[in-house]
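Report on one structure; see the data block that follows.
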There are 2 protein chains.
Amino acid sequence: MGGCIGFDGRTVSAETGEAYRKAAVEKKGTLWMQGDLTEAFWTDRPKMPCAPFFILSEQYSGKSTADKLADIRNEMKEAGADVHLLSSLCDIAWILNVRGNDITHVPVVLSYLAVTMRECIWFLREEMITKEQRAYLEENHVATRPYEAIDAYIASLNAGAVLYDGETLNMKLAASIPKGVQVILGHNPSEWQKAIKNPVETEHIKRAHIKDGVAFTKFMYWLKTRIASEEITEISASDYLLKRRQEQEHFLDVSFDTICAYGEHAAMMHYAASKETDARLKPEGFLLVDSGGHYLEGTTDITRTLALGAVTQEMKRHFTAVVRGNLNLASAKFLQGVKGTQLDVLARKPIWDLGLDYRCGTGHGVGYLLNVHEGPNAFRYKQREGAEDLTVLKEGMVTTDEPGIYLEGAYGIRIENELLCQKAEETEYGQFLCFETITYAPIDLDAVDASELTEREKMQLNAYHQKVYKMLAPFLTEEEAEWLKGYTREL
Amino acid sequence: MGGCIGFDGRTVSAETGEAYRKAAVEKKGTLWMQGDLTEAFWTDRPKMPCAPFFILSEQYSGKSTADKLADIRNEMKEAGADVHLLSSLCDIAWILNVRGNDITHVPVVLSYLAVTMRECIWFLREEMITKEQRAYLEENHVATRPYEAIDAYIASLNAGAVLYDGETLNMKLAASIPKGVQVILGHNPSEWQKAIKNPVETEHIKRAHIKDGVAFTKFMYWLKTRIASEEITEISASDYLLKRRQEQEHFLDVSFDTICAYGEHAAMMHYAASKETDARLKPEGFLLVDSGGHYLEGTTDITRTLALGAVTQEMKRHFTAVVRGNLNLASAKFLQGVKGTQLDVLARKPIWDLGLDYRCGTGHGVGYLLNVHEGPNAFRYKQREGAEDLTVLKEGMVTTDEPGIYLEGAYGIRIENELLCQKAEETEYGQFLCFETITYAPIDLDAVDASELTEREKMQLNAYHQKVYKMLAPFLTEEEAEWLKGYTREL
């Protein structure tokens with residue numbers, strides 16, 4: 001009984017903070033959330049990032065900030081909200097069509113946003129705004145204020161209703177909303193809007209994937225042809241892949257730290273090679289490479305597992321089960337309204353058939369030059385008890401398809417493509433949706449046991465490989481293209 | 001504003017009644033639910049049924065009423081309930097191990113049940129209780145009172161907490177619970193308990209399915225060999241099938257009105273032949289037969305679609321897609337915790353692939369000598385917005401697997417087997433579950449296009465047919481068995 005729960009209210013979501021408050025009230029305790037206790041003694045703490053940002057032109061975003069704000073205001077009206085507060089940086093970057101560099105591999109700007117029916121106020125380090133950017137913001141009727149002014153802004157609210165997402169707005173802001181103001185808890189309207197990529201975005205994303213596929217395929221060619229003769233390690237392989245990406249036009253950054261995991265390292269689902277663990281690659285076994293890039297044309301996320309030499313029949317059986325899971329989900333055609341939690345089993349079935357499983361979802365949404373993990377779309381079968389299932393699939397969503405098998409102490413296999421949700425035919429039964437696979441890189445046929453594939457799966461894999469060759473060959477050297485022909489051969 | 005919503009509170013669930021009350025309150029109106037307005041002028045109304053009932057011995061039920069009551073009281077304790085009220089007749093029949101005849105094809109006894117920590121009171125027409133039944137009830141500490149005494153019983157409750165299921169308890173009873181009594185809304189503990197069949201029940205159910213399969217296979221043999229030469233109609237075929245079931249030991253009743261639908265009639269999902277519609281069967285096209293029986297050993301539900309003669313390539317393609325959907329769901333192996341709403345897509349995928357769908361769930365739970373439709377287990381992909389998803393699959397559940405294709409004005413195809421959920425292996429990933437198909441009758445190979453089946457599906461269908469032959473042949477005539485050999489041949 002009694003006591004006090006202390007935390008930095010800026011780093012805890014309103015939802016979590018409210019759970020703390022409830023716990024405190026039950027025990028007749030109190031909350032303290034005014035700051036960060038480490039500030040007093042962490043003297044050499046790095047400054048808060050304040051990197052320059054850039055405007056993502058409509059040529060890439062496909063929709064002006066003015067139009068996005070109009071859509072958000074429509075949803076605010078429906079919800080009866082006068083003010084909409086956001087501290088979720090990806091939403092803010094998407095709404096304002098700006099990209100920054102304040103968080104490693106997530107190109108966002110540390111800031112807050114307040115949208116009313118007449119105003120849109122961006123709270124950020126104003127000193128970094130250039131003259132051109134100022135003009136752009138004014139053109140879109142976006143005002144700016146200092147980052148810290150958000151506190152005074154919220155304190156000054158004195159009537160009406162505020163809409164915010166308790167899962168993303170921080171507790172300090174939520175708790176400082178004055179008493180007389182009505183709170184409407186709901187998802188950020190921009191969450192759905194940005195998950196559904198517009199036609200301009202999807203066209204660009206496909207281009208980004210061709211570039212990314214070219215980079216990956218050059219890497220795979222190099223690795224497959226040099227592994228027997230050159231000294232290559234997890235880190236040097238990663239570096240080689242990074243260089244191939246950097247050669248691509250409009251490449252900005254990797255979208256996350258590359259996972260380049262050899263042998264048993266790959267059984268750790270999020271292994272990161274360090275100097276201490278960096279393994280020398282041998283011409284045998286599996287190398288798992290999970291990587292991606294940020295391009296002006298969008299963000300990519302691809303995993304391939306490569307046989308560096310001989311693999312056992314058991315390894316082929318596992319590899320082929322993962323391929324089948326990947327293909328089966330990608331080939332789904334389904335009626336509008338179906339959820340990612342309902343299609344997940346298609347990817348998992350061939351793996352469950354072996355008494356195996358992977359302890360994660362099958363896939364996640366991907367941002368457009370934003371977070372490589374984006375909601376609400378996802379493929380998974382587990383659902384938090386009582387949680388809302390928001391994984392309804394909609395035309396324009398991009399979701400990864402990445403089943404795997406991970407055997408501790410032995411190896412890990414994952415094959416990841418991105419799927420663009422598209423309209424299929426409309427029949428008397430309703431509107432069907434399907435997926436277009438937009439990741440282009442060979443699935444290593446050296447590890448496929450073709451006898452385990454159904455005829456349909458073979459046709460599907462052949463068609464995919466044919467497309468990979470067609471998309472990538474024009475950007476490869478003659479030797480690489482010749483090699484790719486072999487690795488995209490018909491089964 | 002104002003006004004009064006009137007209904008018979010005995011025929012409306014508490015949940016629905018509360019929705020009416022809310023609607024009335026909002027409009028400043030009132031509720032009237034004291035009776036049935038038709039009573040005043042419906043003078044030749046049939047009396048309330050009061051058929052004799054019988055005791056389902058432990059040899060069939062596998063669990064005594066005393067043991068079932070002990071389990072229910074444990075759940076009551078956990079919920080903090082002193083009294084548990086039931087008006088759901090299947091639950092009452094299951095708890096008391098009695099079966100009656102008050103509702104067509106649902107062998108239950110019109111009654112109420114009240115369970116406290118020390119008492120179990122059954123409210124029914126006491127006059128029908130025999131001496132032996134009285135002794136049985138006393139042995140299990142079940143007291144009886146007149147059917148109408150439930151009202152006085154509820155009015156006499158004066159403290160403690162009452163647990164009931166608002167979806168099944170009727171509104172009149174719920175509304176008459178005195179003010180001082182706490183209400184705990186929850187599922188009937190018996191809902192889950194009866195859905196999970198015990199080992200004695202499952203052994204019996206398998207036996208019931210062999211008998212039912214023998215009856216159906218004799219019918220199919222007769223139809224296939226006579227269709228070209230005899231005058232057979234939907235109704236006469238139904239009658240023939242009923243006779244074959246009646247020949248089986250311990251057959252009590254059909255479990256629902258047989259659907260015997262020829263050609264375009266089968267496109268109506270719940271067609272019932274009448275004298276006016278009774279179609280003459282010709283040696284061509286599809287006949288859909290959905291039927292089932294109540295046996296002492298349990299309840300069955302089987303659908304077969306039979307090619308009565310030539311069928312087009314398109315019809316074969318549709319038939320084969322339905323077969324594939326049926327087989328794919330039946331072959332699922334999955335981790336504990338997976339829901340029927342997540343496996344549904346396995347049955348639907350081959351049908352969605354054709355741009356087709358069926359406008360219903362893929363399957364429902366089946367009672368043990370009770371309602372042929374029983375919850376909470378089911379296969380479906382649609383979920384009422386905001387409704388709890390209770391379709392988690394558990395060992396011992398029996399659920400139908402009945403995908404279909406229905407083309408208006410042309411034909412309907414449905415193939416329905418019952419699946420018994422069983423434990424498969426336990427691995428480091430958890431406990432796997434799988435299904436045993438417990439319905440035994442040939443799937444008409446005359447309508448299967450084997451080239452559309454994968455090798456796995458062919459093996460699965462062959463293995464199923466081999467089992468059908470092995471289970472049924474001993475109970476068939478030599479001619480029938482010979483014929484069955486052909487219809488269960490290897491593809």
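Here is the naming used below: chain letters follow the sequence lines, and residue numbers restart at 1 for every chain. Nothing here was measured: the structure is a model prediction, and the numbers come from that model.
For B/Glu452, the parts sitting under 4.5 Å from any heavy atom of chain A are the backbone and the side chain alike. Of the two parts of B/Arg348, neither the backbone nor the side chain holds a non-hydrogen atom closer than 4.5 Å to a non-hydrogen atom of chain A. Contact of B/Glu428 with chain A is made through backbone and side chain together, with heavy-atom distances under 4.5 Å. Contacts of A/Arg456 with chain B are made by side-chain atoms alone, with heavy-atom separations under 4.5 Å and no backbone atom involved. Only the backbone of A/Asn328 comes within less than 4.5 Å of a heavy atom in chain B; its side chain stays farther off. For a residue to count as touching a neighbouring chain, one of its non-hydrogen atoms must lie under 4.5 Å from one of that chain's; by this rule A/Leu335 touches chain B with backbone and side chain alike. Contacts of B/Leu356 with chain A are made by both backbone and side-chain atoms, with heavy-atom separations under 4.5 Å.
Distance check, rounded to the nearest 0.5 Å: CD of A/Gln383 to CG of B/Asp389 gives 9.5 Å.
Contact of the A/Leu343 side chain with the B/Val345 side chain is registered, since non-hydrogen atoms from C-beta on lie closer than 4.5 Å. With a 4.5 Å cut-off on side-chain heavy atoms, A/Leu346 and B/Leu346 count as touching.
Classified by interplanar angle (parallel below 30°, tilted 30° to 60°, perpendicular above 60°), the ring pair A/Trp352/B/Phe334 is tilted.
For the residue pair A/Lys349 and B/Ser331, a side-chain donor N or O sits within less than 3.5 Å of a side-chain acceptor on the partner.
Within a 6.0 Å sphere centred on CD of B/Glu425, other residues, nucleotides and ligands contribute more than 12 heavy atoms.
In this structure, the side chain of B/Gln342 engages the main chain of A/Thr341 through a donor-acceptor pair within 3.5 Å.
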